[in-house]
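Just so we're clear, the structure is a prediction, and the values are computed from it rather than from any experiment. Heavy-atom basis, side chains included; hydrogens, waters and symmetry copies ignored.
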Protein chains: 2
Amino acid sequence: MDSPVTRGVPCSVDVALFTVRDEALQVLLVRRPAEDGEPFPERWSLPGGNIDVDRDADLEACASRKLLEETGVVAPHLEQVASVGNALRDPRGWSATHLYLALMASDYLELRSGGNAADLHWMSVQGEAPREALAFDHDLLLEMALNRLRAKVEYTSLPVFLMPVDFTLSQLQRTYEIVLGRELEKKAFRTRILAADLLDVVARKKTGPNRPAQYYRLKRRRESHIFARPFGSAPPAG
Amino acid sequence: MDSPVTRGVPCSVDVALFTVRDEALQVLLVRRPAEDGEPFPERWSLPGGNIDVDRDADLEACASRKLLEETGVVAPHLEQVASVGNALRDPRGWSATHLYLALMASDYLELRSGGNAADLHWMSVQGEAPREALAFDHDLLLEMALNRLRAKVEYTSLPVFLMPVDFTLSQLQRTYEIVLGRELEKKAFRTRILAADLLDVVARKKTGPNRPAQYYRLKRRRESHIFARPFGSAPPAG
DNA sequence: TAAATAGTGTCTATGAGACACTATCAG
DNA sequence: CTGATAGTGTCTCATAGACACTATTTA
């Protein structure tokens, strides 16, 4: 109205890609470039970057593109978490970023970063140990993505996207437990998951010196299932 | 990286302000200006507009400002819903908007619109009747805000922000029913609400030719309560 | 008294929690 | 047989759902 020319605001997308590796929930980080003029040189950050209005059909397409370019990966789950815009998050001035949460099985991973894998890093988010500060406000963004992930894991089937194609219920339960940071009751867990009718039975597979487990595979469906009650006795976050 | 100057993207905030009036859930609309060059002249739209990096500390401050400027109102609940950015939503080119959901009691309302109240309009969102198309992609934004509202009302105490300061449990239940579009069981509703320890008892008030109801008032707390199970037998949306 | 709305008593149904039990493999 | 992990039987408990019942007001 009163501003004759609307300049626009620097607009980016950042992606918190989680996986479960080595019995821990981990998030993918990329190293910031060392070039002159770039803020936070050589610091770790979430993968992401500015929207390219000529290449990105929409915000989610930008998130997919950034993930593919920086990691060579197409995640089976990608959802918008929130947007953060203010004058302080980038030393160059007012900017807005659009945070996405991505999930994938660790055995899909074959990371590449413009030929330099040393610029990629999995960081465990378990434990309260002080972590190295990330670039920009990415510590906050990571916290927001983690809160979203944990909140949804309390009452949805989201963790199936952290599993390989075929998996057992014990493996799925372990994944839930790692993300939630607490143990779950076996019988209740199995009853719920099977009642949700999310999984197809596939052939049993050989394992070690014990009864072989039934393997399952996600049915064709995009959305995750919402359970009528949250897991465990803990109230859902919020 | 390869673009020497990052131009930025036109960045706006839109607010879906809901209230319950006349036994219906209603959303506030503002009329687009008739000026030459403005897209969608004189069409109805959600209140909102471009971010002013000199005045808005962050996205939420921008939403509050737009709401105050266009309606004279400070809503007791304001939350971010999602962001939509693509090349098609504005005929002038790629843009991103940040959608907020606001709730307030209808008896707080004293709308003003730069001196012209005819540019404001409450639209009922009940019923499947085809509505007049809104400007930009605001039909989509309204749908997203409605979905968020209805989903959260299934398992939270959000509707307390649609109530006046003092209210009865019957009135609160009616508000839930209007938003959800279905009736709830009285006993279960009252038990849940009271067990959540959200409300303080205030003095009874005179009513009509019947037993006077107990009035309640929201305790001091910012966040809405999350119930362990959704209301009714219907599964939560999602 | 009737009419109207507020609020409760109580039984049933569902599904989670606990936990001990059985099942099936390698050796 | 043992050891290990997979999977089940069954009891208890919390809370929603149904619905009839009582309570309190004005007229």
All ring pair (Phe, Tyr, Trp, His ring centres under 6.0 Å) counterparts of B/F18, not counting sequence neighbours: none
Qualifying residues under ring pair (Phe, Tyr, Trp, His ring centres under 6.0 Å), relative to B/F136, sequence neighbours excluded: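 Per chain and number, B/F136 pairs via ring pair (Phe, Tyr, Trp, His ring centres under 6.0 Å) with B/F40, B/H138.
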Atom-pair distance ([atom1] on [X]; [atom2] on [N]), nearest Å:
X      : N      : atom1 : atom2 : value
A/F227 : C/dT14 : CZ    : C1'   : 16 Å
B/F189 : D/dA16 : CZ    : P     : 12 Å
B/Q173 : C/dT8  : CD    : P     : 13 Å
A/E185 : C/dA20 : CD    : P     : 11 Å
B/K186 : C/dG9  : NZ    : P     : 13 Å
B/L194 : D/dA16 : CG    : P     : 12 Å
B/L169 : C/dT8  : CG    : C1'   : 13 Å
B/I193 : D/dT15 : CD1   : C1'   : 14 Å

With a cut-off of less than 4.0 Å, is there a side-chain N or O of [X] near OP1 or OP2 of [N]?
X      : N      : value
A/S170 : D/dT5  : no
B/R192 : D/dA16 : yes
A/R229 : C/dA16 : no

Close N/O contacts between protein and nucleotides 23-27 of chain D (under 3.5 Å):
unit_1 : atom_1 : unit_2 : atom_2 : d
D/dA23 : O4'    : B/R211 : NH1    : 3.3
D/dA23 : N3     : B/R211 : NH1    : 3.4
D/dT24 : O2     : B/R211 : N      : 2.9
D/dT25 : O2     : B/P209 : O      : 3.1
D/dT25 : O2     : B/N210 : N      : 3.1

Minimum-distance nucleotide to B/R190 side chain [options: C/dA6, C/dG17, D/dT8]: C/dA6
Ignoring hydrogens and angles, tell me if any N or O in the side chain of B/S157 forms a donor-acceptor pair with the backbone of B/H225 under 3.5 Å. yes
hbond_proxy A/K187 side chain to D/dG9 base (donor-acceptor, 3.5 Å cutoff):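 Under the 3.5 Å cut-off, the side chain and the base do form a donor-acceptor pair.
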Pairwise 5' ranking along DNA chain C for B/T168 and A/T191, keeping only the more 5' one: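 By nearest-heavy-atom nucleotide position, the 5'-most residue is B/T168.
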With sequence neighbours left out, what residues match B/Q214 under side-chain hydrogen bond (donor to acceptor under 3.5 Å, both in side chains)? B/R204
Results of side-chain hydrogen bond (donor to acceptor under 3.5 Å, both in side chains) for B/D166 - residues two or more places apart only: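 For B/D166 the side-chain hydrogen bond (donor to acceptor under 3.5 Å, both in side chains) partners, ignoring immediate neighbours, are B/K205, B/R217.
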To the nearest 0.5 Å, what is the distance between CG (A/L103) and CG (A/L17)?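 Answer for the CG-CG pair, A/L103 versus A/L17, is 7.5 Å.
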Just grab all the ring pair (Phe, Tyr, Trp, His ring centres under 6.0 Å) pairs involving residues 177-196 of chain A, residues at least two apart or on different chains. A/Y176-A/F189, A/F189-A/F231
